[in-house]
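Note that this is a predicted model, so its numbers are computed, not measured.
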Amino acid sequence: FNHVVGVVHTNYKAYARNEYHGMLTSPLVGLASSLLVRAYCHKVIKLSNVLQNFCQDENDEKENVMNVHGIRSDFLVEGL
């Protein structure tokens with residue numbers, strides 16, 4: 001795909017922290033999530049600022065916090 005927008009809605013890092021061996025699994029889940037998002041998404045939209053940072057630089061414009069309900073024309077232009 002030429003341009004991938006990832007909408008992140010679940011804090012898997014927090015879920016892992018509350019499970020068995022959370023002190024070990026939480027950082028691993030956070031690292032894996034961050035690596036996958038950076039590798040495959042051109043733009044990241046988080047539904048809440050509570051979610052982890054996925055980009056290395058917090059000032060990076062690749063990652064935004066927005067309220068999204070369904071797919072609006074702002075996010076999808078047919079034919080591109």
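Shown here for Pro27 and Leu24, the closest heavy-atom pair between the two residues is CD-O, 3.4 Å.
Once rounded to the nearest 0.5 Å, the distance linking CE of Met66 with OG of Ser48 reads 14.5 Å. One finds the NE2 atom of His42 at 7.5 Å from the NZ atom of Lys62 (value rounded to the nearest 0.5 Å). Atom CD of residue Glu63 and atom CG of residue Leu51 lie 9.0 Å apart, to the nearest 0.5 angstrom. One finds the NE2 atom of His21 at 14.0 Å from the OG atom of Ser26 (value rounded to the nearest 0.5 Å).
Between the Ser34 side chain and the Gly30 main chain, no donor and acceptor come within less than 3.5 Å of each other.
Residues forming a salt bridge (Lys or Arg N to Asp or Glu O under 4.0 Å) with Lys13 (at least two apart in sequence, or on another chain): none. Here Thr10 pairs with Tyr12, Tyr15 under the side-chain contact (heavy atoms from CB on, under 4.5 Å) rule; sequence neighbours left out.
Contact check for Lys46 versus Phe54: side-chain heavy atoms found under the 4.5 Å cut-off.
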